[in-house]
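A short write-up of the structure that comes next.
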Amino acid sequence: MTAEQDPVKVMKQEVGKAAAARVQSGSIVGLGTGSTTAYTIEYLGSRLKSGELKDIKGIPTSFQASVLAKQYGIPLTTLDEVDHIDIAIDGADEVDPQKNLIKGGGAAHTREKIVDTLAEQFIVVVDSSKLVDKLGSTFLLPVEVIPMAMTPVMRAIEKLGGKPELRMGVKKAGPVITDQGNMVIDVKFDFIDNPAELEKTLNNIPGVLENGLFVGVTDLVLVGEVKDGQPTVREF
Ligand code: 5RP
């Protein structure tokens, strides 16, 4: 790694590529969302182009993933056309020691959860800054909400002890709008002791479409690190 390279970017690149290297010809592949999986999609495209990988089909987890897949020549399919997903590769915002996740930094967690939970193997790709002892320590929990239910959902979340804030757009006036046409609130909980229970409780509030807790879904985490100035990837 040269001095002028951004270490986080290098870790993302390496781990994104390492996951793409595990995809086998003939697979149906869930394509995750975010800056790390963008490298996975790019590398899958170059493996297809070189002929080393053949006959894969991607299922995108977002508009972003489908644009990248088209850009890098990965044929796409839909959940209506396949009866299984062999492997899904996706990023995360936090990973705890049990491999539970917070996702939704890109507001794509609803489609991500659909695709990632259907996959026979779900691989998470992160740089080492995403590893935490307890979920909620560094990242607010994203919750996708149907717009007309925003106020009652926020009140219900406050009753659960959370502090919700509406996610606002960057270079866009007003709130972030998801690929489904909904809004996202980011919730601060002082601690998330029981992610499995909180995941269900939040999804049970009328008007909540999906939250960013992914509990018991991950098969393997690939962690990008820089050691002695060299990028490495370890399994966890
Ligand atoms: C999008 C996600 C992303 O996977 C997550 O935010 C990680 O993104 P990045 O790889 O850019 O750090 O959950 O909804």
Side-chain angles (χ1 to χ4, degrees), residues 6-20 29-44 58-69 85 87-96 99-119 122-132 135-145 167-170 175-187 192 195 199 202-203 208-215 217-226 231 233 236:
D6 170 5
V8 173
K9 188 176 164 192
V10 172
M11 288 190 278
K12 286 184 179 208
Q13 236 163 359
E14 291 301 314
V15 79
K17 277 176 75 169
V29 187
L31 302 172
T33 299
S35 55
T36 317
T37 45
Y39 294 116
T40 304
I41 296 172
E42 181 180 351
Y43 190 56
L44 283 174
I59 303 210
T61 56
S62 62
F63 182 73
Q64 181 216 27
S66 91
V67 168
L68 286 171
I85 299 174
I87 181 169
I89 300 168
D90 211 341
D93 301 299
E94 283 188 348
V95 181
D96 79 5
K99 296 186 286 197
N100 296 322
L101 317 173
I102 286 185
K103 287 184 51 55
H109 56 279
T110 299
R111 290 193 196 193
E112 290 174 323
K113 200 179 279 191
I114 294 167
V115 172
D116 298 346
T117 56
L118 281 172
F122 174 37
I123 301 183
V124 173
V125 284
V126 287
D127 63 82
S128 54
S129 70
K130 307 285 185 73
L131 303 180
V132 295
L135 293 180
S137 21
T138 61
F139 204 82
L140 305 185
L141 177 62
V143 179
E144 180 166 356
V145 181
R167 189 181 298 182
M168 303 306 283
V170 176
V176 165
I177 304 295
T178 68
D179 289 354
Q180 289 70 244
N182 296 314
M183 295 181 195
V184 173
I185 51 179
D186 292 303
V187 186
I192 299 180
E199 182 184 14
L202 287 170
N203 281 359
V208 168
L209 182 58
E210 189 54 85
N211 68 81
L213 284 166
F214 283 48
V215 179
V217 187
T218 310
D219 294 304
L220 175 70
V221 184
L222 295 179
V223 185
E225 291 174 317
V226 175
V233 174
F236 149 59

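Whatever order the structure lists ligands and atoms in, that order sets their numbers, starting from 1. Both backbone and side-chain heavy atoms feed into the values below; hydrogens, waters and symmetry mates do not. Everything quoted here is computed from the prediction, not taken from an experiment.
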Students should be able to answer this: which protein heavy-atom is nearest to [atom], and at what distance?
| atom | result |
| --- | --- |
| atom 10 (O) of ligand 1 | Thr36 OG1, 2.5 Å |
| atom 11 (O) of ligand 1 | Ser35 OG, 2.5 Å |
| atom 8 (O) of ligand 1 | Gly34 CA, 4.0 Å |
| atom 2 (C) of ligand 1 | Glu112 OE2, 3.3 Å |

Where do Val223 and Leu131 land on the side-chain contact (heavy atoms from CB on, under 4.5 Å) test, with the steps shown first? CA-CA 9 Å; Val223 185; Leu131 303 180; 4.0 Å; yes

At less than 4.0 angstrom from any non-hydrogen atom of [X], what atoms of ligand 1 do you find?
| X | answer |
| --- | --- |
| Gly104 | 2 (C), 13 (O), 14 (O) |
| Asp90 | 4 (O) |
| Gly91 | 4 (O) |
| Asp93 | 5 (C), 6 (O), 7 (C), 13 (O) |
| Lys130 | 7 (C), 9 (P), 12 (O) |

Salt bridge (charged side-chain N to carboxylate O under 4.0 Å, His left out) against Glu42, all qualifying residues, sequence neighbours excluded: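 Testing Glu42 for salt bridge (charged side-chain N to carboxylate O under 4.0 Å, His left out), a comparison that skips the adjacent residues, returns none.
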
Can a non-hydrogen atom of Ala107 be found less than 4.0 Å from any atom of ligand 1?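 Judged by the 4.0 Å heavy-atom criterion, Ala107 does count as contacting ligand 1.
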
Take atom CZ in Phe236; do more than 12 heavy atoms of anything else shown fall under 6.0 Å from it?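 Yes, because the 6.0 Å sphere around CZ of Phe236 holds more than 12 heavy atoms from other groups.
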
Asp186: which residues meet the side-chain hydrogen bond (donor to acceptor under 3.5 Å, both in side chains) condition with it, sequence neighbours left out?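 Per chain and number, Asp186 pairs via side-chain hydrogen bond (donor to acceptor under 3.5 Å, both in side chains) with Arg167.
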
Does any N or O in the side chain of Lys130 come within less than 3.5 Å of the main-chain N or O of Ala92, such that one atom is a donor and the other an acceptor?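 Indeed, once roles are kept as given, a pair shorter than 3.5 Å links the two residues.
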
Where the side chain of Asp219 meets the backbone of Ile123, is there a donor-acceptor pair that is under 3.5 Å apart?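 Answer holds: no.
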
Is the shortest heavy-atom distance from the side chain of Leu209 to the side chain of Val145 under 4.5 Å?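 SC-SC contact between Leu209 and Val145 ruled out.
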
Just going by heavy-atom distances, which of Thr33, Val124, Thr37, Thr40 is nearest to atom 3 (C) of ligand 1?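 Selected option, by shortest heavy-atom distance: Thr33.
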
Residues Lys113, Glu199: salt bridge by 4.0 Å N-O rule: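 Answer for the salt bridge query: yes.
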
Check Ser62 against ligand 1 and report side chain, backbone, both or neither, counting heavy atoms closer than 4.0 Å.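 It is neither; nothing of Ser62 touches ligand 1.
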
